[in-house]
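I have placed the structure first, in the form of structure tokens, so that the comments after it can refer back to it.
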Amino acid sequence: MAGRAAEPPADVTLRRWAREQARLKASVVAEDTEEWQKDSGLTGLERVGGVDLSYIKGDDTRACASLVVLSYPALEVLYEDCRMVAVSAPYVPGFLAFREVPFLVEAVQRLQQEEPKLKPQVLLVDGNGLLHPRGFGVACHLGVLTDLPCVGVAKNLLQVDGLVRDELHKEQVHSLQREGDTFPLRGASGGVLGMVLRSYNNSSKPLYISVGHRVCLETAVRLVKSCCRYRIPEPIRQADIRSREYIRKQLCSPLEVISSGPESRKKEAELDD
DNA sequence: GCGACAG
DNA sequence: ATCTTGTCGC
């Protein structure tokens with residue numbers, strides 16, 4: 001059952017993907033467009049979504065895509081959708097969206113069809129938005145394709161436009177003493193690409209926040225701050241927890257144990273050749 | 001050429 | 001992303 005590793009994309013594919021990113025980037029709106037965003041207390045915001053994909057260790061083809069919607073500001077789970085999906089594109093830094101976004105778009109469409117009243121007013125996305133080699137990370141990509149406000153929340157710095165994880169950066173991160181502290185990420189070309197946020201007192205490892213779609217950076221940071229019970233903002237954390245749990249149950253089902261045992265694995269190896 | 005490289 | 005439980009500390 002374990003799928004073989006996806007082939008590294010040919011250069012022609014990467015060029016096509018880059019062109020697609022450039023085409024869609026023209027539709028990104030990097031400023032607030034909603035009423036609730038205009039208030040510093042985010043009054044009017046009632047539902048925040050989170051998305052994530054969890055993968056199986058030795059399997060490059062199957063993953064669980066999850067979309068959750070939490071109430072705001074209580075952060076209680078109102079909606080959960082976990083589904084096994086067949087991943088076809090490999091992970092290539094800078095092209096994460098081509099691997100994950102199709103399943104997230106499907107999840108959003110399913111939600112709109114089945115529970116339109118629970119449609120989130122904004123989505124928190126694992127990964128970057130404008131903080132990206134071509135200024136069009138997964139949070140922008142998902143935002144444009146769904147026309148939903150999106151915020152990029154990355155757990156590691158993607159080195160782009162002169163930004164590096166050097167000693168200076170580590171010093172700046174170290175200077176974030178209390179939760180809520182931030183400093184801007186200014187690219188070599190001048191503009192602020194994102195914000196580094198200490199989201200939790202008990203963790204010195206920060207988050208890298210950037211604009212996805214239909215939200216400005218200040219609002220994005222304010223929103224993420226107000227969604228953090230722990231280091232990872234609750235919508236993404238719940239999506240992560242639930243997709244991993246979904247996979248864990250899949251792997252523990254009797255059928256799955258049998259079909260992925262040493263016996264059948266041998267047969268699959270033969271069939272693969 | 002070498003290293004870096006969101007998830 | 002994933003491999004990994006309990007454990008030491010605030």
Side-chain angles (χ1 to χ4, degrees), chain A residues 2-3 5-6 8-9 14 17-18 21 50-67 82 84-104 107 123-143 150-167 169-170 177-179 185 187-188 193-212 220 224 230-233 235-237 239-248 250-251 260:
Chain A
L14 294 181
W17 283 354
Q21 289 176 329
V51 292
D52 188 43
L53 261 72
S54 290
Y55 298 87
I56 302 174
K57 53 175 179 179
D59 192 328
D60 290 298
T61 63
R62 289 185 304 164
C64 176
S66 68
L67 163 62
C82 289
M84 293 305 300
V85 297
V87 177
S88 54
Y91 169 64
V92 183
F95 299 97
L96 172 64
F98 293 91
R99 179 171 167 84
E100 300 196 340
V101 142
F103 310 109
L104 303 178
L123 281 179
L124 302 189
V125 184
D126 249 330
N128 296 296
L130 296 182
L131 179 54
H132 178 274
R134 287 163 299 281
F136 193 73
V138 62
C140 300
H141 206 130
L142 183 60
C150 282
V151 173
V153 182
K155 297 181 286 294
N156 295 96
L157 175 64
L158 179 58
Q159 301 190 168
V160 53
D161 195 18
L163 297 172
V164 288
R165 295 191 296 215
D166 54 8
E167 286 309 317
H169 179 74
K170 289 174 184 171
Q177 292 293 325
R178 324 172 64 178
E179 62 183 36
L185 289 170
L193 299 178
M195 204 73 93
V196 185
L197 166 69
R198 177 160 185 160
S199 56
Y200 187 49
N201 276 335
N202 291 1
S203 177
S204 57
K205 186 165 181 175
L207 296 177
Y208 298 87
I209 311 300
S210 60
V211 168
V224 170
Y230 303 100
R231 174 177 173 246
I232 305 298
I236 290 179
R237 183 169 164 270
D240 181 63
I241 290 173
R242 286 155 196 261
S243 58
R244 299 164 68 132
E245 181 69 5
Y246 192 90
I247 282 182
R248 194 184 64 75
Q250 290 271 311
L251 295 180
S260 63

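All chains are named by letter (A, B, ...) in the order of the sequence lines, taking the proteins before the strands, and each is independently numbered beginning at 1.
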Under 4.0 Å, heavy atoms only, any strand: does A/Tyr55 hit a base, just the sugar-phosphate, or nothing? sugar-phosphate

Respond yes when some side-chain nitrogen or oxygen of A/Lys155 is under 4.0 Å from OP1 or OP2 of B/dG7, and no when none is. yes

Rounded to whole Å, please give me the gap between NE2 in A/His169 and C1' in B/dA6. 13 Å

Check whether the aromatic ring of A/Tyr91 stacks on the base of B/dG7, taking stacking as ring centres less than 5.5 Å apart and planes within 30° of each other. yes

Side-chain touch A/Val125/A/Glu100, heavy atoms, less than 4.5 angstrom: no

Of C/dT2, B/dG7, B/dA4, the nucleotide closest to the side chain of A/Gln159 is B/dA4

Rounded to the nearest angstrom, tell me the gap between atom CG in A/Leu158 and atom P in B/dG7. 9 Å

If each of A/Asn202 and A/Asp240 is mapped to the nucleotide of DNA chain C with the nearest heavy atom, which maps nearer the 5' terminus, i.e. the 5' end? A/Asp240

Before accepting this row, confirm whether a basic side-chain N of the pair A/Arg248/A/Glu245 lies closer than 4.0 Å to the acidic partner's carboxylate O. yes

At under 4.0 Å between heavy atoms, what does A/Asn128 touch on the DNA or RNA strands: base, sugar-phosphate, or nothing? base

Would you kindly give the CG-to-P distance between A/Leu163 and B/dC5, to the nearest whole Å? 12 Å

Which part of the nucleic acid does A/Val138 contact within heavy-atom distance under 4.0 Å: base, sugar-phosphate only, or nothing? base

Scan A/Phe98 against the nucleic acid and name what it touches under 4.0 Å (heavy atoms): base, sugar-phosphate only, or nothing. nothing

Whole-Å distance between B/dG3 P and A/Asp166 CG? 18 Å

Is the ring pair A/Phe98/A/Trp17 parallel, tilted or perpendicular, if the boundaries are 30 and 60 degrees? parallel

Quick one: sort the A/Tyr200 and A/Tyr230 rings into parallel, tilted or perpendicular, breaks at 30° and 60°. perpendicular

Select base, sugar-phosphate, or nothing to describe what A/Gly58 touches, counting heavy atoms under 4.0 Å on all strands. nothing

Using OP1 and OP2 only, check whether a side-chain N or O of A/Arg99 sits under 4.0 Å from B/dA6. no

Nearest-angstrom distance from the residue atom CD1 of A/Ile247 to P of C/dA1: 12 Å

Would you say a side-chain N or O of A/Asn201 is under 4.0 Å from OP1 or OP2 of C/dC10? no

For the pair made of CZ in A/Arg62 and P in C/dT2, what is the distance, rounded to whole Å? 14 Å

Are any of the side-chain nitrogens in A/Asp126 or A/Lys155 under 4.0 Å away from the carboxylate oxygens of its partner? yes

What is the separation between atom CG on A/Asp126 and atom P on B/dA6, rounded to the nearest whole Å? 12 Å

Rounded to whole Å, please give me the gap between CZ in A/Arg165 and C1' in B/dA4. 8 Å

